[in-house]
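Lettering follows sequence order; numbering is per chain, from 1. Since the model is a prediction, treat every value here as computed from it, not as a measurement.
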Amino acid sequence: MRPIPTHQSEAGEHPGMARRSSDSPAPEPTDWVTRAADDAIRHAGGDPRDPAVAEQLRAAGTVVTCASGISPSGPIHLGNLREFLTTHFVAEELKRRGVPARHLQSWDDFDRLRKIPEGVDPSWTTHIGKPLSAVPDPWECHTSWAEHFKAPLRAALAEMGCTMEEVDQTDRYRAGAYTEQVLHAIERRDVIESVLARHRTKQAVPEDASAEEAAALEDSVAEDDEPTQTGDLARFPYKPFCRTCGRDTVTLTSYDDETTDLAYTCDVCGDSHVTNVRTQPEGKLVWKVDWPMRWSVEGVNFEPGGVDHASPGSSYTVGKEIVKLYGGRAPSFVGYSFVGVAGMAKMSSSKGGVPTAADALRVLEAPVLRWLYARRQPKQAFTVDLGPEVVRLYDEWDALGKKAANPAKRDAHVLAFERASTTSSAGTLPTPPVVVPFRTLSSIADVTAGSADQISRLVGDLGHAHDSVADLEPRLGRAITWTHEFVPEEDRTTVRTTPDRELLASLGELERTWLHLFLEHLPSAWADGSPDLDRVTTVVYGVPKLARGLALEDQPTDEVKADQKAFFRLLYRLLVDAERGPRLPTLVLALGLDTVYALIQAA
RNA sequence: GGGCCACUAGCUCAAUGGGCAGAGCAUCGGACUUUUAAUCCGCUGGUUCAGGGUUCGAGUCCCUGGUGGCCUACCA
């Protein structure tokens, strides 16, 4: 990884200020990030319209907290990435305004392992019910299940310039950081239960239950691995992990409010224990209490969540009320929709999973991936297409980059570009010093089989001056990867490694003449040592003219045009074993004289 | 039962707190020695799902309905 420049221009930090001197003061563009940041400031007690709000908050010692959280229970895919980037963008916007802000990331690795993804040894089902941080890594490369999935995301986020304060919930719980809050929840468990009950809208066995409902019910019963329990302990807001086996598969048997002794029997290993909630941090609050508890402890001002959390009766709605028990207030919230994936057929089948940020970064430059998440409203679902759409995506991105270079054209689109391109901690994220269209790089990579020298030469020949291949990174490597892994075989160009002797032997008189003339005149394009694309073009189109007794530069007759078509097809078959291919002059240039000779000369 | 999202050109989608409905692809036409897949330019193409309302002005806001999709209730 290359070091990232950390310069920050004053103008870049306060783009709004720079516009003041303009004679027609265009309003500062706004987008969902601006509004979410406004909300966060309001939540923290400031007035986002007040120019002095940053100084006021700073003077008051307020740090606006933007929180994200996720259970590292499996590969953290592109949908989950929205949790991080949504939070990140809002925190960045606050910092951009000079407001003290932090991005706090909670790893919910004290959550129980719920199910085993495909591809993992079925024997791992024995770990179901344990905290993610206590399950061994089936791939044996990390210290735990949780770490195995956290590590690659950390790396990807770092590459995307997304820095954050990380908190492991396992550590926090084990350190007793929440003990007071746990005890409080247990004391007020009747209130909690009444809140939860109020939001339980489940109808009391509808007499006209549709088949659909019945099926859904069956499903939920089938998935329910919880023991049934009755009475006060049935809805206990706290659940210990079994001291013997580490699973949360426990049935509570008694709780003493005086001593805070909690007794339980493990349904799996059968052992019974007593844990003291005050002195032995061996468990965690149930999710719907855990979340609001942390809002209050951490002073969260903004936190996004999947739309599933925002539905009535869901965790955010319920948490809004529960947090009051802690004297807190629910953070400002945006619900984000799901991110679809397309163009991954090959990879997802081979890797057996949904693509992650790291997967996407193999094809998309970091700012481009960020852009996908910045430019859409969170509640709008979108699709990351790593297939054919990638080319268009890069085209749009490059066009936007040109627009962004003109301050007069600053609008919401440009704002999204800026959010995608730079961060407060990483500065401007790496982009290629010499921007070559992605489609061009992909095509070149295809026919050159990834040879750096050839790529560099061709890019130069096509008019993109550059000092070395390094000037084409980080895009070139991604174009190579994309071409090899995401372009369908039938759309690719595979250069023959050996001459097609059978075909060469079966050629007719005219075809042999073409090939001889071709090989005779082609070297003239390399007369100066470096290839001349125009000259190659002349030769390629001129060969059929020569065969008809015309000169290279003559206008083609209808007869010649028909010959050209046949000649081209012949060359494609000999060079790339296909009926069609990239434009021949560039293809010939890409292959180089030696390769062309090797594949044709046997005629 | 409740909630959210979508519906715009043939296709995929834009339209940044109401202000002239736009791109890409496809089609078609043209230029570049070119009936080729790395270059350009241009033309076509619209009752913005339907109906009502607010407004000087609605794809955008409100109401009703339709179609499609997602989520939710028990648990984390």
| N-O pairing of Arg42(A) and Asp47(A) below 4.0 Å | no
| Side-chain H-bond candidate by donor/acceptor type, His309(A) with Ser314(A), under 3.5 Å | no
| query | Using atom P of each nucleotide, how far apart are rC11(B) and rA37(B) to the nearest Å? | reply | 25 Å
| Trp371(A): what forms a ring pair (Phe, Tyr, Trp, His ring centres under 6.0 Å) with it, not counting sequence neighbours? | Trp397(A)
| Protein-nucleotide distance (Arg569(A), atom CZ; rU35(B), atom C1'), rounded to Å | 11 Å
| Who passes salt bridge (Lys or Arg N to Asp or Glu O under 4.0 Å) against Glu396(A), sequence neighbours left out? | Arg375(A), Arg392(A)
| task | Give a yes or no on whether a donor-acceptor pair under 3.5 Å exists between the nucleobase atoms of rU33(B), that is its base, and the side chain of Thr538(A). | result | yes
Check: protein-nucleotides 21-28 of chain B nitrogen or oxygen pairs below 3.5 Å:
none

| said: I'd like to check the ring pair (Phe, Tyr, Trp, His ring centres under 6.0 Å) partners of Phe149(A); sequence neighbours left out, ordered by chain and number. | reply: Trp139(A), Trp145(A)
| task | Identify which nucleotide among rA38(B), rA76(B), rC71(B) has an atom closest to any side-chain atom of Phe338(A), counting heavy atoms from C-beta outward. | result | rC71(B)
| message | Checking contacts here: which listed nucleotide (rA14(B), rA76(B), rG17(B)) is nearest the side-chain heavy atoms of Arg376(A)? | response | rA14(B)
| field | Nucleotide nearest Arg235(A) (side chain, heavy atoms from C-beta), chosen from rU33(B), rC75(B), rU16(B) | value | rC75(B)
| query | Expressed in angstrom and rounded to an integer, what is the separation of Phe382(A) atom CZ from rC70(B) atom C1'? | reply | 16 Å
| request: Between Trp32(A) and Asp111(A), just flag the one whose closest nucleotide in RNA chain B comes earlier from the 5' side. | output: Trp32(A)
| note | Testing rA76(B), rU33(B), rA15(B) for proximity to the side chain of Lys545(A), the answer is rU33(B)
| query | Nearest of rA76(B), rA38(B), rU16(B) to any side-chain atom of Thr30(A)? | reply | rU16(B)
| request: Tell me, please, which residues at least two apart from Asp111(A) pass salt bridge (Lys or Arg N to Asp or Glu O under 4.0 Å). | output: Lys284(A)
| task | List in chain and number order the residues that pass ring pair (Phe, Tyr, Trp, His ring centres under 6.0 Å) with Phe89(A), two or more places apart in sequence or in another chain; answer none if no residue qualifies. | result | none
| said: Please enumerate all residues that pass ring pair (Phe, Tyr, Trp, His ring centres under 6.0 Å) together with Phe568(A), with sequence neighbours excluded. | reply: Tyr541(A)
| query | Expressed in angstrom and rounded to an integer, what is the separation of Phe568(A) atom CZ from rU33(B) atom P? | reply | 13 Å
| field | Among rU16(B), rA76(B), rA14(B), the nucleotide that comes nearest once only the side chain of Arg35(A) is considered | value | rU16(B)
| task | Report the distance from atom CD1 of Ile128(A) to atom C1' of rC75(B), rounded to the nearest whole Å. | result | 14 Å
| task | Would you mind classifying the nucleic acid contact of Leu587(A) as base, sugar-phosphate or nothing, using non-hydrogen atoms under 4.0 angstrom? | result | base
| query | Rounded to whole angstroms, how far apart are CZ on Phe567(A) and P on rU35(B)? | reply | 15 Å
| Test of ring centre spacing under 6.0 Å for Tyr336(A) and Tyr373(A) | no
Nucleotides 3-8 of chain B: which of its N/O atoms have a protein N/O under 3.5 Å away?
residue, atom, partner, partner atom, Å
rC5(B), OP1, Lys379(A), NZ, 2.9

| task | Can you tell me, in whole Å, how much space there is between the P of rU44(B) and that of rA38(B)? | result | 25 Å
| Charged N-O contact under 4.0 Å between Lys130(A) and Asp248(A) | no
| Rounded to the nearest Å, what distance is computed from the CD atom of residue Gln564(A) to the P atom of nucleotide rC32(B)? | 14 Å
| query | In whole Å, what is the span from the CG atom of Leu196(A) to the C1' atom of rU72(B)? | reply | 15 Å
| task | Let me have RNA chain B in dot-bracket notation, would you? Count Watson-Crick plus G-U wobble pairs, both distances under 3.5 Å, and use [ ] for pairs crossing earlier ones and | for inter-strand partners. | result | (((((((..((((.....[..))))..((((.......))))......(((((..]....))))))))))))....
| field | Listed nucleotide nearest any side-chain atom of Trp287(A), set rA76(B), rU16(B), rC70(B) | value | rA76(B)
| said: Classify Asp308(A) by what it touches in the nucleic acid, base, sugar-phosphate, or nothing, heavy-atom distance under 4.0 Å. | reply: sugar-phosphate
| field | Partner set under side chain to side chain donor-acceptor pair (under 3.5 Å) for Lys288(A), not counting sequence neighbours | value | none
| task | For rG65(B) versus rA26(B), give the span between their P atoms, rounded off to a whole number of Å. | result | 42 Å
| Residues in side chain to side chain donor-acceptor pair (under 3.5 Å) contact with Glu92(A), at least two apart in sequence or another chain | Ser424(A)
| field | Minimum-distance nucleotide (side-chain atoms of Arg114(A) versus rC75(B), rU33(B), rG17(B)) | value | rC75(B)
| Got a sec, which residues hit salt bridge (Lys or Arg N to Asp or Glu O under 4.0 Å) with Glu282(A), two or more places apart in sequence or on another chain? | Arg243(A)
| Whole-Å distance separating the CZ atom of Arg247(A) from the C1' atom of rA76(B) | 18 Å
